[in-house]
Structures are given as structure tokens and as C-alpha cells.
Amino acid sequence: MSPVNHDDSSGVADDGAGRPLTRKEIRAREKSLATQGHDVIPPQAFETGQDAPPAAAPGSGPAETSAAAPAPETPAAAPAPEPPAAAPTVHEPVRDEPAREEPVQEEPVREASAPRQPAAEPVEAAPVEAEPVHEYAPAMSREETLRRADELQYGHSLGHGHDGQPYDEQSYDEQPYDSHGYEGQGHEDHADAADGYDHAGDHGHGQGHDLMVGAAAIPTAKGPSKKVRRRRRFLALVVTLAVFVVAIAVGAQFIKPLLGGNTKADYPGPGTGSVTITVPPGAGPSSVATDMESKNVIANADSFLKQFAASGGSLSPGTFTLRKEMNNADAVAALLNADQEKVMYFALSAGLRINESLQAISEGTGIPVADLKELSNNPKQFGVPAEAKNLEGFLFPGEYRFPLGSSGKDILQKLVRTTLDELKAQGVTDPAKQYDAITVASIVQAEGGQAEYGDVAGAIYNRLKPSNTETNGLIQSDATVTYGLGIRSFHIDEDQKADKSNKYNTYANVGLPVGPIGSPGKRAIDAAAKPKKNDYLYWVTINLDTKETKFSKTLAEHNGYVAKYNAWCEANPGRCV
């Protein structure tokens with residue numbers, strides 16, 4: 001028999017027989033190569049008009065039965081005329097397009113879903129199904145056949161190269177990328193293929209190079225591209241850094257005051273206005289610096305102390321007129337009197353009497369003492385109480401600087417105002433009480449040391465009480481007697497104590513003297529305004545160098561301390577006169 005009839009009858013390619021392959025067998029091999037050995041392309045896609053009926057390829061029962069029966073009985077030359085006779089009867093009814101396509105679409109479904117059935121169907125049904133494929137195959141080219149097979153298997157074409165083979169991973173990677181063809185993913189879709197995402201997009205290449213031919217289509221969730229993820233990471237880093245910086249800035253605002261970060265080291269100067277700073281005798285730079293900082297004269301006490309220490313100077317007691325917001329250098333110079341030649345400068349010590357104070361002012365300002373005395377003898381123009389005969393007790397001690405050319409009245413007014421301001425600060429606002437407080441303060445300033453000012457003031461007020469029968473209202477102060485005598489001495493005799501003509505003699509005259517006996521300082525004024533409460537009636541300074549003062553409730557105890565005072569005077573000749 002001819003090779004064609006032999007193929008149709010057997011339906012099996014005999015590769016080892018050395019005979020030429022039929023077109024069916026050639027298509028089957030091409031199918032195997034294209035699908036890499038997976039039987040996923042319908043056999044009909046590789047058949048032509050000269051092939052045997054399609055039932056032989058899938059090995060269906062009816063095709064084998066009809067082909068095997070005539071083989072042993074009929075000679076090789078006899079069956080030759082039969083195919084032409086059968087062809088006209090079958091081709092004519094099924095030549096239209098719908099009849100041709102229907103078997104092609106149903107064949108792979110029958111192959112994929114239904115198992116092979118035994119040869120139980122009528123033999124005449126096989127040629128009817130095979131004829132459309134036998135007639136349709138020659139109308140399609142090789143590439144069309146492969147594309148049709150892809151569509152039947154996957155629902156769309158995988159795409160093939162010029163050689164008719166599907167694109168493998170290497171050939172797919174070599175294709176140029178189009179940022180528009182991949183739905184905006186650009187080149188990074190291909191770069192992210194290893195991440196497990198489906199980067200094929202809706203392009204014409206089908207499922208992409210990661211999908212093997214014949215494998216089942218696996219739906220994948222399309223995640224963000226590498227570019228998008230990199231942008232998100234960068235944005236997260238920027239946001240985190242911004243939050244961190246804001247947290248540090250906010251935290252610093254709370255920590256900075258605790259660390260003193262808000263404190264300025266110095267003012268630029270030169271400052272404005274005027275501020276009175278009092279340096280008491282024995283005061284150190286630290287307490288003065290603290291007072292200056294509280295009054296806004298300097299910005300920082302610590303930095304001022306460093307500047308003061310570097311100057312090598314020392315403080316002198318007195319009252320200084322400074323400015324607000326001075327720089328440290330100017331403030332140090334003012335306290336050390338470094339700019340004395342540029343201003344009218346003088347210093348008044350606590351306890352000076354009126355004539356001594358006016359003399360010091362005259363020497364510092366160049367204003368004649370006579371002019372200053374005339375101003376002092378008219379105290380009402382300065383706002384002092386009406387009882388005052390002059391400015392005694394109201395010229396506040398301290399160190400002063402006035403602009404060159406300042407008048408005597410302006411200078412005296414400044415000193416008096418400072419004293420009145422201190423009385424008001426201690427709650428003494430009534431003019432009559434102000435005068436008594438200044439008088440007591442002047443006695444306290446002359447009789448005791450700074451440490452005993454409060455007790456001395458308390459003892460004086462105890463003596464002035466009407467209920468006191470121990471001293472009967474007599475203050476008995478040596479300092480008041482000597483002031484009335486116009487002398488300075490810590491010792492007076494009995495005749496001087498008995499002289500009632502001396503209006504300042506508190507041994508002979510009950511109550512306060514007629515006026516202050518000197519210029520009290522701030523601490524003495526404060527003690528007179530707010531005395532300590534005690535039961536003392538006597539006091540005596542037993543050491544004139546240290547100002548140590550002893551207090552007693554009875555005269556007998558007091559006489560014992562007087563003996564100690566006399567012993568000190570004997571040990572220090574000339575000091576008690």
C-alpha cells in the first residue's frame with residue numbers, strides 16, 4: 001500500500017521503519033517542540049488535507065477500527081480509487097465557514113475534559129467530524145495554526161518569533177520596553193520580575209516570559225513597582241526625620257530654661273534710665289551682683305563676677321547710680337569709680353552728720369558748702385516731714401555719680417528721695433512716723449553693729465513705752481549726748497549726762513531727741529521700721545572694733561557688761577575718747 005494509506009490505516013508513526021513521515025506526524029513533532037513536550041495544542045491544528053482522519057491522532061476508538069479493518073483483506077493497489085470517490089460526497093455539504101470552525105473549537109474541549117471512550121460509536125460518524133478539519137487545515141498558515149492552538153489552550157496568543165516558536169525568557173528579555181505598553185510601569189517592570197509580580201501588563205506579548213507554555217494561568221495581585229516603593233521609602237524617611245527634628249526643637253524649649261539657656265551673658269549697653277545700687281559696709285561682690293541682676297542692671301551675675309574679678313578692684317560701701325541693661329564692663333567701672341573724672345562723684349558713709357555730708361558733696365561736685373547748707377536749711381522744698389529743721393538723717397549714704405554741671409538742688413533731691421523711698425518700702429508712709437523712724441534709725445546706726453540693729457531698735461522702743469518703770473522713758477544714749485555737744489566720743493562724764501539744755505541729751509530728757517543725729521543706712525532704717533520684739537532695756541558695745549553689743553533686761557546685768565567695756569578701753573588706750 002502507499003505510505004499515505006498506511007498512515008491512515010495505522011494511525012501510529014513508525015519512526016524506526018525508515019519510511020517517510022506523514023504530514024500528520026510532522027505536525028505532531030512540531031507541536032511537541034513548540035509546547036516543550038506538553039500535549040496542550042489540539043492535534044487538528046497540525047493536520048492538512050492529505051492527512052488521515054483526525055480520529056487517528058488522539059487515538060479514538062472509531063478511527064482505529066475503521067482504519068484497521070481493510071488492511072489485511074484488500075491489496076495495495078485496490079483501495080487507491082476509494083479516496084477520490086468518497087471526497088465529493090463529503091466535501092460539498094460542509095464547505096461553508098460555520099461548518100468548518102465548529103469541529104475545531106469542540107475538538108480540544110473533548111480531548112481535555114472527556115476520557116477516551118471505547119470504540120462504540122458508529123464508524124460513519126468519524127469521517128463527518130474529520131472532514132472539516134481535513135478541509136480547514138490547508139487554509140491556515142503555520143503561524144496561524146500555532147496562534148490558533150494558543151488561543152484554544154490559553155484564551156489568547158502567547159506570541160511567537162519569526163521562527164514560529166513561542167518567545168522564551170531570553171528572547172522576551174531582549175525585546176524593547178515601552179513605558180506606555182506596560183501601563184506606565186516603564187523599565188522597572190522588567191527589573192522587578194524577580195520580585196514575584198506579574199509585569200506583563202496588557203501588552204501584545206501575552207503572559208510574559210515567566211509563564212511557561214502549557215502551564216496553568218495563575219492570577220497574581222499586581223503590587224507597586226520598585227520605583228513607587230523607593231519613592232514611598234524616601235517619603236517615609238523624610239517624614240521621620242522631620243518629626244525627629246520637631247521633637248528635638250520642642251524638647252529643647254522645655255529643657256533650655258532648666259539649663260539656663262535662656263539667660264543672657266551680657267547686655268550690649270550702654271543702658272537706659274537710672275537705678276540705685278547700695279553697697280553696705282562689708283558686702284561682697286556676689287551679693288551686690290545678685291542685687292544688680294534682680295534690678296536688671298546686668299544680664300547675668302556670674303558673668304559680671306568674672307568681669308569684676310578680672311579687673312582686680314575691690315568694692316567700697318556706698319550708693320551708686322547705675323543704668324538698666326548696662327554691659328558688664330561699664331557696670332564694673334562704675335562700681336570701682338573708674339569713670340570718676342567724667343562725672344561729679346562723691347561717697348557718703350552711713351552715720352555721717354549733716355555738716356560732714358555736705359562737705360563731702362562739695363568736694364565731689366565743686367559746689368560750695370555754703371550753697372549746700374542754704375539748701376539744707378530749707379528742707380520743705382525736698383518733701384521731708386514738717387518737723388525737720390534741716391536735711392539731717394535724710395541724706396542717704398552711698399556712692400554717687402552725677403553728670404557734670406548738675407545743680408546742688410538736684411543732687412540733694414536725689415539723696416532725700418532715696419531715703420523716703422526706703423521708708424515707704426518698709427511701710428512707713430505717714431510723714432510724722434517717718435520722722436520718728438529716721439530719728440530711731442540714726443541712734444541705731446550710731447549705737448550698735450549691723451548684726452544687732454534689730455535688737456537695739458527693739459530695746460529703744462521698750463524704753464519709750466509708758467509702762468516702763470525701769471528707765472522711765474529715758475533712752476540714755478551716749479551718741480545723742482555727744483551729737484548735741486557737737487563732739488565725737490564714746491565716753492561722756494556725769495555732768496554732760498545731767499545737762500538738760502542739750503536737747504539731744506537722752507539721759508536728762510524723756511523720749512526721742514529733737515531730731516536725727518546722723519544719716520542712717522538702709523539696714524538701720526529697716527530695723528527702725530520693723531524692730532525685733534524683745535524684753536531688753538539695756539545695751540552696750542563692749543568692743544569698738546567688732547561692734548559687739550551686749551543686751552540686758554536688768555541694770556545689774558547691764559553693769560557687768562559695762563565693766564567689760566571699760567576693760568577693753570583700758571586695753572586700747574585712746575580708743576574710747
Side-chain angles (χ1 to χ4, degrees), residues 173 177-203 208 210 218-279 283-313 315 320 322-335 425:
D173 290 342
Y177 287 84
D178 185 0
S179 59
H180 300 287
Y182 290 85
E183 296 183 345
Q185 301 298 321
H187 295 275
E188 292 189 6
D189 285 344
H190 180 258
D192 289 345
D195 296 339
Y197 295 105
D198 180 12
H199 303 288
D202 295 335
H203 52 82
D210 286 339
I218 301 176
T220 58
K222 195 168 186 178
S225 67
K226 188 174 183 180
K227 182 177 181 181
V228 173
R229 286 184 281 115
R230 186 185 299 114
R231 186 183 299 112
R232 290 177 180 174
R233 286 195 298 267
F234 176 75
L235 180 60
L237 178 61
V238 171
V239 172
T240 302
L241 181 60
V243 172
F244 181 71
V245 171
V246 171
I248 291 179
V250 173
Q253 299 303 316
F254 292 96
I255 297 175
K256 192 175 180 181
L258 300 178
L259 301 178
N262 288 336
T263 303
K264 293 182 179 180
D266 197 4
Y267 288 125
T272 59
S274 63
V275 180
T276 300
I277 299 295
T278 300
V279 180
S286 180
S287 61
V288 175
T290 302
D291 186 31
M292 294 170 65
E293 181 180 355
S294 66
K295 294 181 178 179
N296 204 28
V297 175
I298 58 175
N300 184 272
D302 293 334
S303 62
F304 170 81
L305 289 175
K306 293 179 181 179
Q307 184 83 24
F308 188 86
S311 68
L315 284 176
F320 300 84
L322 305 178
R323 297 179 297 274
K324 289 185 177 181
E325 298 186 1
M326 297 179 67
N327 59 52
N328 291 331
D330 291 345
V332 169
L335 291 178

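The first residue of the sequence shown is numbered 1, and numbering continues consecutively from there.
The two residues Ala331 and Ile298 have their closest heavy-atom pair at CB-CG2, 3.9 Å. When all heavy atoms of Ala265 and Ala299 are compared, the closest pair comes out as C-CB, 4.2 Å. Scanning all heavy atoms of the two residues, the minimum distance from Ala289 to Phe304 falls at CB-CD2, 3.6 Å. Taking each heavy atom of Asp330 and Asn327 in turn, the nearest pair found is N-OD1, 2.8 Å. Considering every non-hydrogen atom in both Lys324 and Lys295, the closest pair reads CG-O, 4.3 Å. Closest non-hydrogen pair, Gly313 versus Phe308, comes out as O-CE2, 3.7 Å.
Each of Leu315, Val297, Thr278, Leu305 was evaluated against Val288; a single residue qualifies, Leu315, per the side chain to side chain contact (heavy atoms under 4.5 Å, CB included) test.
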Show every donor-acceptor pair shorter than 3.5 Å between a side-chain atom in residues 232-247 and any protein atom, with sequence neighbours excluded, or say none if there are none.
residue: Thr240; atom: OG1; partner: Ala236; partner atom: O; Å: 2.8

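At most 12 heavy atoms of other shown residues, nucleotides or ligands fall within 6.0 angstrom of atom NZ in Lys306.
Side-chain atoms of Glu293 come within 3.5 Å of backbone atoms of Ala301 as a donor-acceptor pair (strictly under, hydrogens ignored). Between the Asn328 side chain and the Asp266 main chain, no donor and acceptor come within less than 3.5 Å of each other.
Using a 4.5 Å cut-off on side-chain heavy atoms (C-beta onward), Met326 and Val275 make no contact.
Taken from CG in Asp302 to OG in Ser286, the straight-line distance is 8.0 Å, to the nearest 0.5 Å.
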Yes or no on side-chain contact (heavy atoms from CB on, under 4.5 Å) for Met292 and Leu335, after CA distance, side-chain angles and deciding distance? CA-CA 11 Å; Met292 294 170 65; Leu335 291 178; 3.7 Å; yes
